[in-house]
Amino acid sequence: MDNRQIADRLEAFAALLELSDANPYTTRAYRRAAETIRSAPLPVAELVRAGRVRQLRGIGAGIEGRLRELIDTGEIAELAELERELAPDLVGLGRYLGLSARRSLQIARSLGVRNAEELREAAAAGQLRSVPGVGPKIEARLLEALAREDEPQARPGLLLNRARELLGGMAQALDGEAAGDVRRWRDSCERLAVVCATQDPRPVVKRFAALPQIVAMLEQADRRAVGVTVDGVPVELTVAEPERFGTALLRGTGSLDYVAALEPLPDGSDELEVYAALGVPWCPPELREEPYRGEPPSLIELGDIRGDLHCHTLWSDGRASVEEMGRAAQELGYEYLAICDHTPAVGAVRGLTPDDVRRQAEEVAAANESLAPFRVLRGIECDILPDGRLDLPDEVLAELDWVQASVHGGQRMPHREMTKRVEEALRNPYVRCLSHPKGRYINRRPENALDLDRVFAVALEEEVALEVNGLPDRLDLSGEHVREALRAGVRVVCSTDAHSIRGLTNMVLSVATARRGWAAAADVLNARPLEEILAPR
Ligand SMILES: [Zn+2]
Ligand SMILES: [Zn+2]
């Protein structure tokens, strides 16, 4: 069993524990262990056999026991049992109907049904009202939802990283291309689509229905099918004739408004052919949010990025050391990496005091010695206190190469105070970048009331850059806000805010978000050489 297979099983276990409403800390521990194992440089199966697996970070006695069982028997018995009991297709249908996993299972148990199909039949036969807690109103709502099952519905989307992983795996298995919101790199993906090309569509539709990611089929036709995942998210499959693949991919990619403005679409075997026949220059999918027929700008690319300016280490809430993070960044082909751990006001996790900052300097110096010519920069993610002061004294900030200023607590502040608070921080001469300016968590916490126009004006005056934070649940600034910032003449920084080695690979999400804001390489500070990063304001 290789590391990826082991990690997959632990992740499946975490997912099912979550469905069965287990303690969220347990679920998270399994997810973290899976991530550690996925990126472990050694074969984990051997570590388990040698009794040394607890040397890996985040693997305690409980998880070690599961791993031993998995390596010895090829399976985790409790996982297999959960898979039988939880009937993922039932849970998927339940999610689709707006029911929690626990509630779907209660209803199923009380109806004596075991899968989604039986649940539909029982509902159609009027048995739902026999379920404790289901009155006529709830029954009517569920029946109505079931009747609309094959229509697209408004529902919170999937985070981009999860959607990319899910759809990418399916597209690969079907030898097709991921389309829909994923191909346009939307921060929250509602429309998931895969487009394939073949003369004979039947085997592809069959393979689609049999994919492990698909738990129930909502619709099935000759060259089109809609399935639903365990998260209750519909996935569309289009199987085009090869000579029309480009047309189907363009339509499948969207957005609806963008495509509608190009209709009628000519047939083409790839997108270039379709665009050529339309007489319109090819458009990167990230820019297809609104009708556009012009010559697109040359957008920033991942390869233009020369360094990452925001990451954490063991000094605060990161999971790797300064040197490990530096080495990983070097292996990604970067020239520099800024270590930006938290300051004490962040609260929930450990923050660096002035003393810690100076002790960390020694570790950074040692890392620089072993990684030269790669440069590890002394940075900080300094909290902006409620009154706009920074959480470290100026003489400490003055020692650093790179200072990020961040609002963490108090995101609900009213418009005027919030804007004043951030403006005050940007006036500090050592601050180089404002982190995650709008403070949102996608689908969980709305944006703060910060007046961005005012922030753009101050950032321009003070030559402070604005971050495009690459954490999948942040992506902040958003594409739309990047576009406004660039129009105001402000520079952005594409950062990962990585808390682990693997987190550094989220740069692709930050860059895609900047692209959605029409950013070129010249607009992005960390596409510049180190000297420009180190030049004082
Ligand atoms: Zn932060
Ligand atoms: Zn951070």
Side-chain angles (χ1 to χ4, degrees), residues 159 161 187 307-322 324-326 328-329 336-353 356-357 360 364 376-386 388-392 397 400-413 418 421-422 425-426 428 430-442 444-448 450 455 464-478 481 492-507 509-510 513 525-526:
L159 292 182
N161 64 327
D187 44 31
D308 197 332
L309 291 170
H310 184 173
C311 79
H312 295 262
T313 70
L314 293 168
W315 283 82
S316 62
D317 54 348
R319 274 180 274 152
S321 70
V322 170
E324 285 167 336
M325 292 300 279
Y336 49 85
L337 172 75
I339 304 294
C340 295
D341 281 306
H342 288 291
T343 58
V346 72
V349 302
R350 197 182 146 212
L352 273 62
T353 63
D356 294 325
V357 171
Q360 192 185 50
V364 171
V376 180
L377 304 182
R378 286 181 65 200
I380 196 81
E381 177 174 17
C382 190
D383 257 65
I384 304 174
L385 303 175
R389 279 180 309 127
L390 291 172
D391 198 18
L392 285 176
L397 298 179
L400 300 172
D401 301 314
W402 181 256
V403 176
Q404 296 265 147
S406 304
V407 171
H408 288 122
Q411 292 279 3
R412 293 242 168 101
M413 250 183 195
M418 186 62 152
R421 175 185 183 184
V422 169
L426 298 188
N428 179 297
Y430 303 107
V431 169
R432 303 292 307 279
C433 180
L434 176 65
S435 325
H436 40 72
K438 290 299 278 176
R440 68 167 178 173
Y441 280 112
I442 298 167
R444 276 196 291 143
R445 183 168 83 190
E447 296 179 343
N448 62 32
L450 187 64
V455 167
V464 172
L466 299 189
E467 182 180 68
V468 185
N469 187 293
L471 288 173
D473 54 356
R474 284 195 184 269
L475 301 180
D476 176 13
L477 299 174
S478 66
H481 289 150
V492 296
V493 170
C494 287
S495 292
T496 60
D497 199 352
H499 287 66
S500 66
I501 285 173
R502 201 156 89 118
L504 290 168
T505 58
N506 282 333
M507 185 61 83
L509 302 181
S510 174
T513 304
L525 185 56
N526 54 322

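Here the structure is a predicted model, which is why all the values come from computation and not from measurement. In listed order, ligands and their atoms are each counted from 1. Heavy-atom basis, side chains included; hydrogens, waters and symmetry copies ignored. One-based numbering along the sequence shown.
- Vertex the Zn ion (ligand 1), arms ending at OE2 of E381 and NE2 of H436: the angle is 100° after rounding to 10 degrees.
- Looking at N469 and S435, their side chains never bring a donor and an acceptor atom within 3.5 Å of each other.
- For a distance bound of 2.8 Å, the N, O or S atoms of H499 include none lying that close to the Zn ion (ligand 2).
- Interatomic distance, CD1 of I442 versus CG of D187, reported as 4.5 Å (0.5 Å rounding).
- Ring geometry, H342 versus H408: the interplanar angle exceeds 60°, so the pair is classed perpendicular (tilted spans 30 to 60°).
- The N, O or S atom of D497 lying closest to the Zn ion (ligand 2) is OD1.
- In summary, H342 places no N/O/S atom under 2.8 Å from the Zn ion (ligand 2), failing the contact criterion.
- The residue from V407, L392, T343 that alone fulfils the side chain to side chain contact (heavy atoms under 4.5 Å, CB included) condition with D383 is T343.
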